[in-house]
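Comments concern the structure below.
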Amino acid sequence: MITAIINARIFDGENEIGVKTVLIEGETIVSIGGEVPEHAVIIDAEGGTLLPGLIDAHVHTSVEGLRDALNFGVTTELEMMGGFTKTGREGQLKGIEDIADVRSAGMGITPPGGHPDELMPGDGEIPDFVLKELEKMSEEDRNAMLAAHAHDHGEAPAVTSREEALAFVNEQVRQGADYIKIMIEEGSVLAAPGLPVLSQDILRAAVEEAHRHRKLAIAHVLTAEASRQAIEIGVDGLAHLFIDRPDTTPHLVKMIADAGAFVTPCLVLNSSIIGNPATIVANDPRVSSKLSPEWIETLNSSFSTYPQGSMEDNYRNVMDLHRAGVDILVGTDVSVPVPTLGGLAHGASVHHEMQLLVEAGFTPIEALQSATSKTARRFGLNDRGRIVEGARADLVLVDGDPTVNITDTLSIREVWLRGKRKVN
Ligand SMILES: [Zn+2]
């Protein structure tokens with residue numbers, strides 16, 4: 001069966017290329033700009049813009065999270081710590097069709113008691129909000145969520161030495177991790193100062209071991225100082241934007257640019273850390289109509305662990321990096337629906353992140369590139385992120401023109417995942 005999407009303006013992942021017919025056959029985009037074959041199923045997209053499926057480059061997810069993501073046109077989530085390595089996907093996601101695709105770092109490298117321990121409720125018990133969610137789920141979803149929860153609660157050993165770091169990386173690779181995550185977090189902006197951090201020597205060994213396996217090494221860092229440490233040991237990307245702006249920032253920006261590292265700012269998270277709830281997003285009917293009350297409550301909350309920070313500094317940091325040629329990727333750091341991890345929701349926050357990038361000074365097209373082709377390229381996901389012949393037919397059709405007005409990305413009309421039209 002061939003589907004022809006006609007009369008849509010096309011953003012192909014790089015640029016707006018005008019109104020063209022896109023043909024989908026099976027799971028694949030087979031033509032752009034060709035004739036409509038006789039027996040094609042026609043989708044008239046008049047007044048709409050067709051985008052590649054969006055990619056969230058920083059999540060911690062579950063079956064529910066992946067389902068919410070897809071509802072918002074996010075066809076791929078990249079987990080920066082969690083259970084959805086190749087082994088996890090085969091065990092937990094087989095046969096589930098209405099969810100976004102996912103890649104994962106597996107567990108992150110951290111010392112005993114290190115980040116993200118401070119964010120977890122005590123003793124690894126299952127928090128109330130999770131129990132409440134579990135009651136509503138199918139058995140399949142329940143098992144997947146419990147497995148994800150177990151992963152989030154320190155089943156993997158913490159690292160204390162070079163040897164353990166190497167073993168840890170090898171274990172993640174054995175589980176089918178798609179990249180490796182390291183933690184450099186001393187807690188000052190998360191209201192947990194004094195968190196233990198592994199030595200540069202141990203972390204460097206982990207990065208080198210990741211590279212030996214041809215995996216990207218990605219660092220959790222929230223401050224300029226931690227970012228400097230991460231670049232010094234050779235990471236390929238930073239999973240956050242430094243939230244502070246010390247005098248040494250121009251030097252740091254140059255270091256990151258010279259290293260060729262990417263940065264996933266997660267401005268939505270930094271905004272929440274500073275104390276801003278995502279109220280505007282939560283109140284948008286295009287968002288609220290798609291989310292559970294728990295997620296709306298979460299969007300309306302915030303981390304608020306670093307109220308002395310400012311979005312102005314964050315915007316200047318991200319624009320300095322952008323102008324220096326650093327690849328900026330759209331990510332959110334969304335995880336579970338709990339107000340202390342507030343300001344975030346699966347899928348919805350990807351749209352919010354693009355809005356914040358535009359507020360910082362990105363053009364709408366640059367923000368869209370950061371949520372599609374750029375991320376695909378940096379993560380070696382060469383089958384997606386663009387509307388080109390041969391790519392996976394992961395597509396989002398929205399009303400209006402987000403290449404001019406970025407908030408139009410939320411006006412979702414249709415979503416295709418691997419050529420299959422999502423049932424609304
Ligand atoms: Zn994270």
Side-chain angles (χ1 to χ4, degrees), residues 5 8-16 22 29 48-59 61 65-80 98-103 262 264-268 278 281 284 286-287 290-291 327-334 344-358 362-379 381-388 391-403 405-422:
I5 304 169
R9 182 183 297 103
I10 311 294
F11 168 75
D12 70 358
E14 308 276 359
N15 283 301
E16 198 265 353
V22 170
I29 296 166
T49 303
L50 192 66
L51 314 169
L54 304 172
I55 304 172
D56 189 335
H58 189 155
V59 304
T61 197
L66 292 166
R67 190 169 287 132
D68 281 350
L70 188 63
N71 281 329
F72 283 96
V74 175
T75 49
T76 305
E77 284 198 331
L78 303 177
E79 195 172 55
M80 287 296 136
D98 59 339
I99 57 171
D101 198 12
V102 59
R103 296 290 181 276
F262 65 79
T264 308
C266 304
L267 290 170
V268 287
V281 185
D284 189 321
R286 299 170 297 179
V287 172
K290 292 192 170 91
L291 289 178
D327 280 333
I328 301 296
L329 312 184
V330 162
T332 62
D333 203 12
V334 59
L344 309 169
H346 285 274
S349 292
V350 169
H351 299 265
H352 189 198
E353 181 73 9
M354 288 191 285
Q355 292 171 19
L356 294 187
L357 284 171
V358 169
F362 274 52
T363 66
I365 284 190
E366 288 171 340
L368 289 165
Q369 290 167 344
S370 291
T372 54
S373 61
K374 240 176 218 185
T375 312
R377 176 166 53 76
R378 292 305 303 237
F379 279 84
L381 298 168
N382 300 319
D383 59 348
R384 68 195 74 187
R386 291 181 306 152
I387 300 181
V388 290
R392 270 167 69 109
D394 288 352
L395 298 164
V396 194
L397 176 62
V398 301
D399 288 325
D401 185 0
T403 67
N405 177 17
I406 196 65
T407 59
D408 282 353
T409 59
L410 276 169
S411 301
I412 295 169
R413 220 193 277 177
E414 302 278 357
V415 177
W416 287 264
L417 179 73
R418 263 182 16 225
K420 261 189 89 174
R421 194 175 175 185
K422 191 181 76 67

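Counting begins at 1 with the first residue of the sequence.
- For the atom pair CD of Glu366 and CG of Leu357, the computed distance is 9.5 Å after rounding to the nearest 0.5 Å.
- For Phe262, the ring-ring contact (aromatic ring centres under 6.0 Å, His included) test picks out Phe379, with sequence neighbours left out.
- Interatomic distance, CD1 of Ile328 versus CZ of Arg378, reported as 10.0 Å (0.5 Å rounding).
- Side-chain contact between Phe11 and Ile387: absent, with no pair of heavy atoms (C-beta onward) separated by less than 4.5 Å.
- In this structure, Lys290 and Phe72 approach most closely via the heavy-atom pair CB-CZ, 3.6 Å.
- Residue Gly53 comes nearest to Thr372 through the heavy atom pair O-CG2, 4.0 Å, listed as atom of the first residue, atom of the second, then distance.
- Exactly one of Ile29, Leu395, Val22, Val396 qualifies for a side chain to side chain contact (heavy atoms under 4.5 Å, CB included) with Trp416. That residue is Leu395.
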Assess whether side-chain contact (heavy atoms from CB on, under 4.5 Å) is satisfied between Leu381 and Asp383, documenting all intermediate values.
-> CA-CA 6 Å; Leu381 298 168; Asp383 59 348; 4.2 Å; yes

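- Closest approach of Gly65 and Glu77 over heavy atoms only: O-OE2, 4.0 Å.
- For the side chain to side chain contact (heavy atoms under 4.5 Å, CB included) test, residues two or more places apart in sequence or in another chain that qualify with Thr75 are Leu70, Asp394, Val415, Leu417.
- Using modelled atom types, no side-chain atom of Thr409 and backbone atom of Pro402 make a donor-acceptor pair closer than 3.5 Å.
- Within the 3.5 Å criterion, the main-chain N or O of Leu397 finds no donor-acceptor partner in the side chain of Glu414.
- Annotation: side chain of Ser349 is not in contact with side chain of Val281 (no heavy-atom distance under 4.5 Å).
- When the options Val268, Val358, Asp56 are evaluated for a side chain to side chain contact (heavy atoms under 4.5 Å, CB included) with Glu353, the one that passes is Val268.
- Here the closest heavy-atom approach between residue Ala69 and residue Ala100 is recorded as CB-CB, 4.1 Å.
- Between Ala57 and Leu329, the shortest heavy-atom distance links the atoms CB-CB, 4.2 Å.
- Proximity of Val287 to His351: side-chain heavy atoms (C-beta onward) are nowhere separated by under 4.5 Å.
- Checked against ring-ring contact (aromatic ring centres under 6.0 Å, His included), His58 has the following partners two or more places apart in sequence or in another chain: His60, His240.
- Nearest heavy-atom pair across Ile406 and Ala367 is CD1-CB, 4.2 Å.
- Atoms CG and CD1, on Leu50 and Ile5 in that order, are 5.0 Å from each other to the nearest 0.5 Å.
- Judged as a side chain to side chain contact (heavy atoms under 4.5 Å, CB included), and not counting sequence neighbours, the contacts of Thr407 are Arg286, Gln355, Asn405.
- Listed by chain and residue number, nothing satisfies the salt bridge (charged side-chain N to carboxylate O under 4.0 Å, His left out) test with Lys422 (two or more places apart in sequence, or in another chain).
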Would you sort out whether Thr375 and Leu78 count as a side-chain contact (heavy atoms from CB on, under 4.5 Å), showing the intermediate values?
-> CA-CA 10 Å; Thr375 312; Leu78 303 177; 3.8 Å; yes

With side-chain contact (heavy atoms from CB on, under 4.5 Å) as the test, would you mind laying out the steps for Met354 and Phe362 before giving the verdict?
-> CA-CA 9 Å; Met354 288 191 285; Phe362 274 52; over 6 Å; no

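- Of the possible polar contacts, one joining the Thr49 side chain to the Gly400 backbone as a donor-acceptor pair under 3.5 Å is found.
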Please report the C-alpha distance between Arg384 and Asp101 in whole Å, then the side-chain angles of each, then the deciding distance to 0.1 Å, and finally whether the side-chain contact (heavy atoms from CB on, under 4.5 Å) criterion is met.
-> CA-CA 11 Å; Arg384 68 195 74 187; Asp101 198 12; 2.8 Å; yes

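- One distance of note links CD of Glu16 with CD1 of Ile365; it measures 6.5 Å at 0.5 Å rounding.
- Using a 4.5 Å heavy-atom cutoff, the side chains of Leu410 and Asp284 are in contact.
- A distance of 9.0 Å separates NE2 in His352 from CG in Leu267, rounded to the nearest 0.5 Å.
- Rounding to the nearest 0.5 Å places OG1 of Thr61 at 4.0 Å from CG of Leu66.
- When the side chain to side chain contact (heavy atoms under 4.5 Å, CB included) test is applied to Glu14, the partners found at least two apart in sequence or on another chain are Asp12, Ser373, Arg386.
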